[in-house]
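A short worksheet on the structure shown next.
Proteins come first, then strands; the chains are lettered A, B, ... in the order of their sequence lines, and each starts at number 1.
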2 protein chains.
Amino acid sequence: MTHSEENYLKAIFHLSRQGTGTISTNAIAEQMDTKPSSVTDMLKRLSDKDLVNYKRYQGVSLTETGRYSALAIIRKHRLWEVFLVEKLDFTWDEVHEIAEQLEHINSEKLIDRLDALLGHPKFDPHGDPIPGKNGEFKERDKELLSKMPVGGKGVCVGVKDSSATFLKFLDKNQIALGQEIEVLDKEEFDNSMHIRIGEEQLLVSHQIASNLYLKPSEES
Amino acid sequence: MTHSEENYLKAIFHLSRQGTGTISTNAIAEQMDTKPSSVTDMLKRLSDKDLVNYKRYQGVSLTETGRYSALAIIRKHRLWEVFLVEKLDFTWDEVHEIAEQLEHINSEKLIDRLDALLGHPKFDPHGDPIPGKNGEFKERDKELLSKMPVGGKGVCVGVKDSSATFLKFLDKNQIALGQEIEVLDKEEFDNSMHIRIGEEQLLVSHQIASNLYLKPSEES
DNA sequence: ACAAATTTTTAGAATCGCCTAAAAATAATC
DNA sequence: GATTATTTTTAGGCGATTCTAAAAATTTGT
Ligand SMILES: [Mn+2]
Ligand SMILES: [Mn+2]
Ligand SMILES: [Mn+2]
Ligand SMILES: [Mn+2]
């Protein structure tokens, strides 16, 4: 498989996991910052290789092999991200671009050994789950901060948007995975939220709140 | 720069370091297992980018930038080889192919951090020197086993042929970097050599002897 | 120095991945 | 249900990289 094919599979996989049903050509084009006609070309190629189910005008979905391949690439991407943070002291906002390259390195043995070196991590630096060798993975129990009620508490376990700008903003405000966060109040006007992060207080916009995942604490 | 361009630069660099003067189209084609016409095409492209000095029918050589780029790739290749052996327990016969992929990963920060993680190694698992950040590197003081006199002693510091078959042969006969080797006798008939490796004795063909580098011991 | 052998380049074509512009199919609107 | 609007595909083309076959330049051998 070529790098490009792998990138398409990954994009289709990610689009599948939000918004049900079949994936549109335009959605893929937007996700990959390319033109719809290029997507159509590639879908034909992927279909020829039985990596996607594609009939023209009918949208596309991954076949079993396609899904398996996508998961293998995502596994590599996330393991490399862990490696970069844990072993090479990169910050979580720096790793994605490098992992975009490293995810295409082709060696089963390499990735298994890397997995072992890192202690078989279950989540990457952004809180996303790392699929196992056989493609199995479970999403963590989590909820968007924006959906938490006033008075709700939880531990930060992931980000939805993992762009560098968002991650740097979080760093600046001491928000990191593992931090406890409590919803103190919610502004009706714009849905911004007053939250407590450890000892600090902060007012965050709805957009921010809807990109932060918490593991809600048990409410006894 | 594309992967292909990088591979050509590397090939030209390696050819330059053995056999003086300018490099022929055919030599590159053979080294890269491709056709001479493809080489000509690429030489034009590399020439347009000022990475090589090329005039048709006149052979080719690297420009200053071309040489610098080649050394950067070789630096990456060899650092990754060290990483694979030191951190992921690969054997020296397994690392080259994976490094052929990893050498194209593009991130200065990554390679600097990797270099630091490994303790700034000076040589790769095959005894080849690792160029520094600025392309500086010095070949180690070494001599082919085949050129050593009877009675000569030395420590194995590198291999010329680093193919998996040769490396596995060496493993099988307990020959590794750091091993002391002594030339006990030489057969006039085929130039094969009786050598001592640690406690063991072995008869090696001329071909083997001419692919093993020793650092000769001081003869006081 | 001339003919033959070898090396190197050109010409032309294929594949991959992308693009633009136009056509076709589908979805939305009145 | 006919007309728009949108989505998707096709047609045709471009750059990169490779190939085969043929032509051109260089080298070798007598
Ligand atoms: Mn990422
Ligand atoms: Mn991630
Ligand atoms: Mn190597
Ligand atoms: Mn090596």
Side-chain angles (χ1 to χ4, degrees), chain A residues 1-13 15-16 18-62 66 69-70 73 100-101 103-106, chain B residues 1-13 15-16 18-62 66 69-70 73 100-101 103-106:
Chain A
M1 234 185 325
T2 69
H3 288 198
S4 195
E5 287 171 335
E6 293 188 341
N7 288 334
Y8 274 93
L9 287 185
K10 206 171 38 132
I12 296 167
F13 179 88
L15 289 167
S16 304
Q18 37 167 97
T20 175
T22 163
I23 307 305
S24 80
T25 302
N26 270 8
I28 298 169
E30 191 177 339
Q31 170 99 358
M32 302 205 39
D33 197 34
T34 183
K35 301 293 169 185
S37 54
S38 305
V39 175
T40 302
D41 274 1
M42 181 57 85
L43 291 182
K44 284 178 192 163
R45 273 194 290 274
L46 293 175
S47 183
D48 287 347
K49 296 190 178 183
D50 275 312
L51 292 164
V52 301
N53 307 115
Y54 169 68
K55 287 202 195 84
R56 67 204 198 304
Y57 296 105
Q58 303 303 139
V60 72
S61 65
L62 294 174
S69 304
I73 299 155
E100 286 288 307
Q101 297 181 62
E103 72 188 1
H104 300 293
I105 301 292
N106 199 338
Chain B
M1 233 187 327
T2 68
H3 287 197
S4 194
E5 287 173 335
E6 293 188 342
N7 287 334
Y8 274 92
L9 287 185
K10 205 171 39 133
I12 296 168
F13 179 89
L15 289 166
S16 304
Q18 37 165 102
T20 176
T22 163
I23 308 304
S24 80
T25 300
N26 269 8
I28 298 169
E30 193 177 338
Q31 171 98 1
M32 303 203 39
D33 197 32
T34 183
K35 301 292 170 187
S37 53
S38 306
V39 174
T40 302
D41 276 0
M42 181 56 87
L43 292 183
K44 283 178 193 162
R45 274 194 291 274
L46 294 174
S47 183
D48 287 346
K49 296 191 179 183
D50 274 313
L51 292 164
V52 300
N53 307 115
Y54 169 67
K55 286 203 197 85
R56 67 205 199 302
Y57 294 106
Q58 301 305 136
V60 71
S61 65
L62 294 174
S69 305
I73 300 156
E100 286 287 307
Q101 297 182 62
E103 71 188 0
H104 300 292
I105 301 292
N106 200 338

Residues in contact with DNA chain C, drawn from residues 20-37 of chain A - heavy-atom cutoff 4.0 Å: A/T34, A/K35, A/S37
message: Does the plane of the ring in B/H3 sit parallel, tilted or perpendicular to the ring in A/H3? Use 30° and 60° as the thresholds.
response: perpendicular
DNA chain D-proximal residues of residues 40-54 of chain A, any heavy atom under 4.0 Å: A/T40, A/K44, A/Y54
- prompt: Quick one: which of A/I12, A/T25, A/N26 gives a side chain to side chain contact (heavy atoms under 4.5 Å, CB included) with A/V39?
  reply: A/T25
query: Side-chain contact, heavy-atom cut-off 4.5 Å: A/L46 with A/V60?
result: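 The answer is no, as the side chains (C-beta and beyond) never meet within the 4.5 Å cut-off.
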query: Side chains of B/N7 and B/M32: closer than 4.5 Å at any heavy-atom pair?
result: yes
Output the rounded distance in Å from [atom1] ([X]) to [atom2] ([N]).
X	N	atom1	atom2	value
A/Q58	C/dA27	CD	P	8 Å
A/Y8	C/dG17	OH	P	9 Å
A/Y57	C/dT26	OH	C1'	8 Å

Where is the tightest heavy-atom contact between [X] and [Y], given as atom of each residue plus distance?
X	Y	result
B/S69	B/L9	CB-CD1, 3.8 Å
B/F13	B/A70	CB-CB, 3.8 Å
B/Q101	A/H104	OE1-O, 4.0 Å

Most 5' of A/E5 and A/R56 on DNA chain C, judged by nearest nucleotide: A/E5
message: Per the salt bridge (Lys or Arg N to Asp or Glu O under 4.0 Å) rule, what does the pair list look like for residues 49-61 of chain A, sequence neighbours excluded?
response: A/E5-A/K49
Nucleotide interval of DNA chain D bounded by contacts with chain B (heavy-atom cut-off, under 4.0 Å): D/dT17 to D/dT26
message: Restricting to side chain to side chain donor-acceptor pair (under 3.5 Å), what partner residues turn up for B/Q31, sequence neighbours left out?
response: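 So B/Q31 forms no side chain to side chain donor-acceptor pair (under 3.5 Å) with any residue.
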query: Listed by chain and number, what are the side chain to side chain donor-acceptor pair (under 3.5 Å) partners of A/S61, not counting sequence neighbours?
result: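 Listed in chain order: A/N53.
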